[in-house]
Amino acid sequence: MESYTCMSVLYAPTLKEDPVDAEIASHRLLTRGAMIRKVAAGVYSFLPLGSIVLRKIEDIVRDEMNAVGSQEILMPALQPSELWHESGRWDDYGPELMRLSDRHDRGFCLGPTHEELVTSIMRNELRSYRELPKSVFQIQVKFRDEIRPRFGLLRGREFIMKDAYSFHSSQESLQEHYDDMARAYGNICVRCGLEYRPVEADSGQIGGKVTIEFMALADAGEAELVYCDCGFASNTEVAQGKACPTGYLADHQEKIHTPGVSTIAALAAFLNVDESATVKALVGIDENESPYLLFVPGDHEVNEIKISHVVKGFRLADDAELTRFGLVKGYIGPVGIPEGIHCIADESLKSLERWVVGANEPDYHLVGARLGEDFEILEWADLITAQSGDRCPDCGAPLRIARGIEVSQVFQLGEKYSRAMNATYTDESGEDRPFLMGCYGVGVSRTMAAIVEQHNDENGMIWPISVCPGEVIVIPLSVGDATVFPAAETIASELAARGIQTVLDDRDERAGVKFADADLIGWPYQIICGKRGVTEGVAEIKDRATGEKISVPIDEVVAKAIELVIEAHAALGNLIEE
RNA sequence: CGGGAUGUGGCGCAGUUUGGUAGCGCGCUGCGUUCGGGACGCAGAGGCCGCAGGUUCAAAUCCUGUCAUCCCGACCA
């Protein structure tokens with residue numbers, strides 16, 4: 001029979017003070033609430049309570065994977081370098097790949113992801129189109145030597161990930177499984193109690209709309225997204241927001257003296273116009289060291305990911321290179337540019353008739369420079385990072401901006417790995433063809449942090465019932481009392497017997513300590529047994545999320561608590577286990 | 001990788017300027033009083049002052065090196 005857990009036995013060293021190195025709520029509270037402990041930068045241990053939560057998230061993920069027909073496997077974290085040489089990523093992945101050698105000096109890495117490994121498994125024994133499609137997943141530790149690990153579990157160097165991979169013989173089959181996975185990922189977010197948005201994201205080299213990121217909305221998130229009520233949502237890295245440059249009313253091009261005005265902010269202030277009236281110029285260099293001049297609306301930032309899709313090997317030029325190209329820092333414009341410099345302007349500037357730009361000589365700008373007369377732009381592209389107020393590409397309404405935590409991503413890989421690693425199957429006509437692949441990742445430990453980011457208050461964490469470290473904590477306020485403690489024990493054991501995950505705070509602590517710990521750790525329901533109440537035959541049930549306390553006759557407390565727990569599960573779409 | 005900062009009992013910090021052999025709060029142990037929102041009193045335990053060199057009669061303190069951790073940046077002319 002199920003039993004309850006005693007706080008006196010549980011290893012849950014809560015902290016009274018905030019850890020100094022924790023900047024965000026999840027890091028702070030997970031540490032204080034005895035869920036995690038830091039081992040090294042970006043490396044954490046999970047204590048018993050954290051471990052319970054982690055396992056519950058994993059089980060939700062596992063359940064959703066099984067539901068879409070993916071099969072659980074377990075691959076090694078330690079991977080031979082040969083596989084990575086085959087795919088080309090030994091050289092491409094960069095210093096984020098944790099590399100090591102064995103005693104024979106053979107190269108290995110600790111897997112940051114498992115495309116190579118899973119492809120090498122499948123290519124040997126998955127031979128016929130008749131056996132396709134196949135989908136497998138694992139829940140496992142991943143290693144990435146991040147430039148700068150930070151924010152506790154949000155960006156670690158070692159973290160827990162669910163990664164799934166699918167193999168197909170047709171685009172239709174891949175698309176179908178990809179759609180199933182995307183639905184499953186939405187379910188995972190809902191069941192974990194996360195407010196999220198599926199967003200368009202960078203699809204890397206492959207192009208096309210073949211990836212979706214699932215973002216948990218949170219100010220602490222490292223990613224930025226723009227979204228619209230019409231349902232559009234996109235990572236600002238790729239968002240096709242439409243900027244609205246305002247331009248400058250002038251009949252003719254006019255050269256004006258602007259001494260010392262070398263930034264957009266200063267220029268806008270000098271002319272007493274909005275920054276959106278100006279045009280910002282940037283100088284870049286491609287992989288052949290050829291110079292490029294880029295023009296974007298003054299109130300927008302350029303987006304290197306987008307530019308790199310237009311200009312191969314793009315990087316910004318430094319001051320010395322600027323001078324070498326004959327350009328004047330702070331006063332660059334499209335009129336009278338030196339020979340041999342290729343110009344590209346952001347598409348939003350196409351409709352802008354009169355530009356405010358640098359005059360290509362020190363301390364002078366041009367206002368009212370006329371596109372098509374005073375200068376020409378031959379190439380147009382989307383170069384800017386979307387921002388709040390830009391127009392939705394789907395419906396034209398102003399976009400709003402939010403921050404998010406990327407908790408998961410689905411991706412159509414196509415033949416990228418199967419081709420590089422010669423992983424083929426035999427099709428109906430007897431020909432060998434590379435697999436079409438998809439990969440699908442969930443940051444499990446990151447999801448745990450994201451949940452805390454969304455569910456906390458000044459007293460601590462507030463776990464959704466689906467992922468809580470225990471559904472009910474029973475708190476006898478005086479352990480030594482001959483009526484209170486036995487009453488609490490009875491409640492706890494009856495709850496446990498009915499399948500409710502129950503903790504009994506049997507510590508000989510003062511009421512304040514127990515309340516503070518219960519709120520900090522964030523059990524969804526607290527059953528409080530005090531001397532006065534028990535004598536009168538009642539106990540209290542406190543809802544951690546709302547703070548509401550209700551008084552319930554002692555002989556009805558168990559039934560009431562079970563009712564609340566079941567309701568809470570139902571609200572998240574999770575079925576309670578018997 | 002560049003800039004900034006910090007390493008002192010389990011945790012959070014002071015002490016470093018002006019070298020003299022380590023202190024405070026929390027926690028921990030014991031006893032007593034308390035007991036519905038992080039109690040109080042008394043008595044205790046616990047520290048190669050990140051590590052390695054150097055200067056000095058003497059180093060937590062000064063110098064050099066090194067390691068670790070945190071913050072900012074690593075595109076926005």
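Numbers restart at 1 for each chain; the letters A, B, ... are given by sequence-line order, proteins then strands.
For the side chain to side chain contact (heavy atoms under 4.5 Å, CB included) test, residues two or more places apart in sequence or in another chain that qualify with A:E509 are A:R507, A:V513, A:K514. Not counting sequence neighbours, the partners of A:P398 by the side chain to side chain contact (heavy atoms under 4.5 Å, CB included) test are A:R391. Legend: residues meeting side chain to side chain contact (heavy atoms under 4.5 Å, CB included) with A:E275, ordered by chain and number and at least two apart, are A:I264, A:A265, A:A268, A:D299.
Distance A:D21 CG to B:C11 C1': 12 Å, rounded to the nearest Å. Atom C1' of nucleotide B:C35 and atom CG of A:D505 are separated by 14 Å, given to the nearest angstrom. What separates CZ of A:R28 from C1' of B:G12 is a distance of 15 Å, to the nearest Å. A:E17 places its CD atom 8 Å from the C1' atom of B:G25, with the value rounded to the nearest Å. When rounded to the nearest whole Å, the span between NZ of A:K38 and P of B:A68 equals 13 Å.
Taking atom P in both B:G15 and B:G7, one finds a spacing of 10 Å when rounded to whole Å. The gap from the C1' atom of B:C11 to that of B:U69 amounts to 16 Å, rounded to the nearest Å. Comparing the P positions of B:A58 and B:U16 gives an interatomic distance of 22 Å, to the nearest angstrom. The C1' atoms of B:C40 and B:G53 are separated by 50 Å, rounded to the nearest whole Å. Remark: the separation of the P atoms in B:C57 and B:A52 is 23 Å, to the nearest Å. Remark: the separation of the C1' atoms in B:C70 and B:G50 is 15 Å, to the nearest Å. Taking atom P in both B:A59 and B:C51, the straight-line distance is 15 Å, to the nearest Å. Distance check on atom P: B:U8 versus B:G73 gives 26 Å, rounded to whole Å.
Summarising the base pairing, B:C1 is matched to B:G73 through a Watson-Crick or G-U wobble pair whose two defining distances lie under 3.5 Å. Nucleotide B:A39 has B:U33 as its partner under the Watson-Crick or G-U criteria, with both atom distances under 3.5 Å. Taking a pair to require two hydrogen-bonding distances under 3.5 Å in either a Watson-Crick or a G-U wobble arrangement, B:C51 pairs with B:G65. Here B:C28 sits opposite B:G44 as a Watson-Crick or G-U wobble pair (both hydrogen-bonding atom distances under 3.5 Å). Judged by Watson-Crick or G-U wobble contacts below 3.5 Å, the nucleotide B:A14 has no partner.
A ring pair (Phe, Tyr, Trp, His ring centres under 6.0 Å) check over residues 13-36 of chain A, counting only residues at least two apart or in different chains, returns the pairs A:H27-A:Y44. Residue pairs meeting the salt bridge (charged side-chain N to carboxylate O under 4.0 Å, His left out) criterion with at least one partner in residues 9-18 of chain A, sequence neighbours excluded, are A:D18-A:R28, A:D18-A:R32. Here ring pair (Phe, Tyr, Trp, His ring centres under 6.0 Å) pairs that include residues 524-546 of chain A, with residues two or more places apart or in two chains, number zero. The ring pair (Phe, Tyr, Trp, His ring centres under 6.0 Å) contacts involving residues 316-346 of chain A comprise A:Y292-A:H342, A:Y331-A:H365, where partners must be two or more places apart or lie in separate chains.
A:L564 CG to A:I527 CD1: the interatomic distance, rounded to the nearest 0.5 Å, is 9.0 Å.
For the pair A:R532 and A:P19, nearest-nucleotide mapping onto RNA chain B gives the more 5' position to A:P19.
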Donor-acceptor pairs are to be reported for all side-chain atoms of residues 347-359 of chain A against protein atoms at under 3.5 Å, with residues two or more places apart or in another chain.
{"from": "A:S348", "atom 1": "OG", "to": "A:D346", "atom 2": "OD2", "distance (Å)": "2.6"}
{"from": "A:R354", "atom 1": "NE", "to": "A:A250", "atom 2": "O", "distance (Å)": "2.5"}
{"from": "A:W355", "atom 1": "NE1", "to": "A:L352", "atom 2": "O", "distance (Å)": "2.8"}

For residues 475-487 of chain A, tabulate all N or O donor-acceptor pairs below 3.5 Å that involve a side-chain atom, not counting sequence neighbours.
{"from": "A:D481", "atom 1": "OD1", "to": "A:T483", "atom 2": "N", "distance (Å)": "2.8"}
{"from": "A:D481", "atom 1": "OD1", "to": "A:T483", "atom 2": "OG1", "distance (Å)": "2.6"}
{"from": "A:D481", "atom 1": "OD1", "to": "A:V484", "atom 2": "N", "distance (Å)": "3.0"}
{"from": "A:D481", "atom 1": "OD2", "to": "A:K531", "atom 2": "NZ", "distance (Å)": "2.9"}

In the 5'-to-3' direction, what one-character label does each nucleotide of nucleotides 37-44 of chain B receive under the scheme B = base within less than 4.0 Å of a protein heavy atom, S = sugar-phosphate only, - = no such atom?
BBB-----

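The backbone N or O of A:L225 sits nowhere less than 3.5 Å from a side-chain atom of A:N235 that would complete a donor-acceptor pair.
Comparing B:G36, B:U69, B:G12 by their nearest atom to the side chain of A:R157 picks out B:U69.
For the residue pair A:Q409 and A:T211, a side-chain donor N or O sits within less than 3.5 Å of a side-chain acceptor on the partner.
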Identify each atom pair where a protein N or O and an N or O of nucleotides 3-7 of chain B are less than 3.5 Å apart, giving names and distance.
none

Distances for protein N/O vs nucleotides 73-77 of chain B N/O pairs under 3.5 angstrom?
{"from": "B:C76", "atom 1": "O2'", "to": "A:K280", "atom 2": "NZ", "distance (Å)": "3.4"}
{"from": "B:C76", "atom 1": "O2", "to": "A:E301", "atom 2": "OE1", "distance (Å)": "2.3"}
{"from": "B:C76", "atom 1": "O2", "to": "A:V302", "atom 2": "N", "distance (Å)": "3.2"}
{"from": "B:C76", "atom 1": "N3", "to": "A:E301", "atom 2": "OE1", "distance (Å)": "3.3"}
{"from": "B:A77", "atom 1": "O2'", "to": "A:G330", "atom 2": "N", "distance (Å)": "2.9"}
{"from": "B:A77", "atom 1": "N6", "to": "A:V283", "atom 2": "O", "distance (Å)": "2.6"}
{"from": "B:A77", "atom 1": "N6", "to": "A:A317", "atom 2": "N", "distance (Å)": "3.2"}
{"from": "B:A77", "atom 1": "N6", "to": "A:A317", "atom 2": "O", "distance (Å)": "3.0"}
{"from": "B:A77", "atom 1": "N1", "to": "A:A317", "atom 2": "O", "distance (Å)": "2.5"}

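The shortest distance between side-chain heavy atoms of A:R37 and A:T31 falls below 4.5 Å.
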